[in-house]
There are 2 protein chains.
Amino acid sequence: MTSAAGGRPTATRATRTDARRNRAHILDVAEQVFTSEGLDVSMDAIAKRAGVGAGTLYRHFPNRDALVAGVLEGRQPDLSAEATAIEKESGDSGAALERWLDAVSRWMRAYEGLPEPLRTALGEQDSPLRLTCQEVIDTTGEFLQAAQKDGHAREGLTGRNLYLATLAAAWALGTPSADGSTGHELDDLLRSGWRTGS
Amino acid sequence: MTSAAGGRPTATRATRTDARRNRAHILDVAEQVFTSEGLDVSMDAIAKRAGVGAGTLYRHFPNRDALVAGVLEGRQPDLSAEATAIEKESGDSGAALERWLDAVSRWMRAYEGLPEPLRTALGEQDSPLRLTCQEVIDTTGEFLQAAQKDGHAREGLTGRNLYLATLAAAWALGTPSADGSTGHELDDLLRSGWRTGS
DNA sequence: TGATTAACGGAGAGCCTCTCCGTATTTTGG
DNA sequence: CCAAAATACGGAGAGGCTCTCCGTTAATCA
């Protein structure tokens with residue numbers, strides 16, 4: 001990492017401590033604001049609340065998605081841990097998939113308005129959210145395959161599309177008037193569809 | 001309609017012809033623009049393209065939702081006609097519900113970005129989109145009930161939630177990278193869920 | 001046809017995103 | 001420990017969007 005392809009040794013100076021501190025502080029503040037007011041807050045408001053200028057905010061996070069990605073990365077370990085726990089605790093791979101999708105749905109609904117950028121990221125090759133999402137999609141694919149192997153989940157389904165469907169349900173649950181029963185019904189729909197066996 | 005509660009006869013003059021014409025023209029232009037560029041176009045651009053001032057646009061449609069509602073109302077007859085046709089042509093009430101949901105999904109995807117306001121309208125009591133949506137929800141409820149009576153659809157499902165689920169799927173299909181197979185899979189998911197019978 | 005009244009147009013207020021650059025601070029080589 | 005160099009900071013402001021306000025214009029009616 002000390003020399004570039006050019007051959008000339010590129011001794012990059014370490015990041016300044018105030019920059020590191022600012023970045024961390026911005027992430028802290030952003031997470032708080034996102035939690036209480038949703039993603040639809042003005043960037044300037046976040047900067048002001050973090051006590052930094054707009055320039056500083058944008059230098060660290062060139063756009064809203066980058067900031068969201070930064071906040072989400074901080075939560076990744078929790079989700080990974082949950083995946084591990086589910087894998088251990090659930091004997092039935094069908095139940096495991098169910099639990100995992102539930103965890104993913106909660107993750108997607110952590111901040112109001114999160115589903116939108118998550119969906120957009122799915123279509124853009126270079127979204128800052130790409131990496132984080134891919135990890136969740138991959139894990140979903142693994143739980144799905146296990147469930148399929150045991151005959152608990154239908155064939156012909158991809159992890160990506162199951163993720164997308166979960167995202168869609170999470171988005172729908174963001175509807176202001178969506179109460180608990182709506183959530184339950186939507187989950188049922190995703191699990192079993194509207195059709196009866198007959 | 002000629003006298004108000006006050007008693008004094010309120011002889012309202014008929015709407016001016018230029019106003020009526022402008023309104024119709026704005027709707028025409030808006031539908032074109034929405035079709036080609038999606039709902040996320042600046043209001044000013046629509047005004048300019050319609051050859052009217054911003055004031056005129058906003059007098060007729062106080063906000064974007066009102067304009068969208070206006071455009072959608074123009075398409076209502078088509079959807080109603082489709083409902084009637086489906087009712088006649090489909091012998092099986094399960095197949096009818098399936099065809100209806102397909103029509104609704106297409107209606108929801110007529111303009112890129114339409115699902116968002118449709119979802120928001122579901123939570124607001126006084127959205128301009130309310131009436132139009134309610135009609136679609138009600139029709140969905142009728143198709144659903146018929147299917148339930150014949151044992152083709154699960155009990156414990158409401159028209160509203162089936163509409164919401166369809167909306168969610170339509171939203172997910174708006175993902176740039178969503179190809180045909182994604183649409184098919186999502187439809188399957190909504191119909192049959194991810195779970196197998198076992 | 002003239003008075004009345006509805007409708008028009010567009011300037012501009014207020015908010016948002018994002019950039020640019022003069023200034024301040026940290027790091028490093030001597 | 002002290003410049004000099006590199007890095008980061010702050011906030012003014014450009015440009016774009018939504019929506020309002022009001023002086024001007026055009027349709028309607030008696």
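What you see below is based on every heavy atom in this structure, not just the backbone, and it leaves out hydrogens, waters and symmetry mates. Protein chains get the first letters and strands the later ones, always in sequence-line order, with residue 1 at the start of each.
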Show me the donor-acceptor pairs within less than 3.5 Å that the side chains of residues 36-55 of chain B make with the rest of the protein, sequence neighbours left out.
unit_1	atom_1	unit_2	atom_2	d
B:Ser36	OG	B:Gln32	O	3.2
B:Ser36	OG	B:Val33	O	3.4
B:Ser42	OG	B:Ala45	N	3.0

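- D:dT25 atom P lies 13 Å from atom CZ of B:Arg16, rounded to whole Å.
- Distance CG (B:Asp44) to C1' (D:dT18): 7 Å, rounded to an integer number of Å.
- As a whole-Å value, the separation of A:Met43 CE from D:dG13 P is 22 Å.
- Remark: B:Arg75 pairs with B:Glu31 by the salt bridge (charged side-chain N to carboxylate O under 4.0 Å, His left out) rule, at least two apart or across chains.
- Proximity note for A:Thr56 (side chain, C-beta onward) versus D:dA6, D:dC9, D:dA8: the nearest is D:dC9.
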Just list the side-chain donor-acceptor pairs under 3.5 Å for residues 135-142 of chain A, sequence neighbours left out, or say none.
unit_1	atom_1	unit_2	atom_2	d
A:Glu135	OE1	A:Gln76	NE2	3.3
A:Asp138	OD1	A:Gln134	NE2	3.0
A:Thr139	OG1	A:Glu135	O	2.9
A:Thr140	OG1	A:Trp100	NE1	3.0
A:Thr140	OG1	A:Val136	O	2.8

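- For A:Asp18 and D:dA6, the CG to P distance is 17 Å, given to the nearest whole Å.
- Salt-bridge check for A:Arg130 with A:Asp126: failed, with every basic side-chain N at 4.0 Å or more from each acidic carboxylate O.
- For the 3.5 Å distance criterion, the side chains of A:Asp92 and A:His152 qualify, holding a donor opposite an acceptor.
- Using a 4.0 Å heavy-atom cutoff across all strands shown, A:Arg59 reaches at least one base atom of the nucleic acid.
- Along DNA chain D, the nucleotide nearest A:Arg23 and the nucleotide nearest B:Pro62 are compared for position; the residue whose nucleotide lies closer to the 5' end is A:Arg23.
- For the pair A:Arg20 CZ and D:dA8 P, the interatomic distance rounds to 10 Å; values are reported in whole Å.
- A residue-by-residue look at A:Ala19 and B:Arg21 shows that A:Ala19 has its nearest nucleotide of DNA chain D further toward the 5' end.
- Rounded to whole Å, the distance from CZ on A:Phe61 to C1' on D:dA8 is 14 Å.
- At D:dC9, one or more side-chain N or O atoms of A:His60 fall inside 4.0 Å of OP1 or OP2 (strictly under the cut-off).
- Nucleic acid contact for A:Ala54: base, since at least one base atom lies under 4.0 Å from a heavy atom of the residue.
- Applying the side chain to side chain donor-acceptor pair (under 3.5 Å) criterion to B:Asp18, with sequence neighbours excluded, gives B:Arg16.
- Taking 4.0 Å as the cutoff to heavy atoms of chain A, we find the contact window on DNA chain C bounded by C:dC16 to C:dT28.
- Among residue pairs with one or both ends in residues 170-189 of chain B, those qualifying as salt bridge (charged side-chain N to carboxylate O under 4.0 Å, His left out) are B:Asp188-B:Arg191; sequence neighbours excluded.
- Here the P atom of nucleotide D:dG10 and the CG atom of A:Asn22 are 6 Å apart, to the nearest Å.
- Regarding contacts with the backbone of D:dT28, a side-chain N or O of B:Thr17 is found under 4.0 angstrom from either OP1 or OP2.
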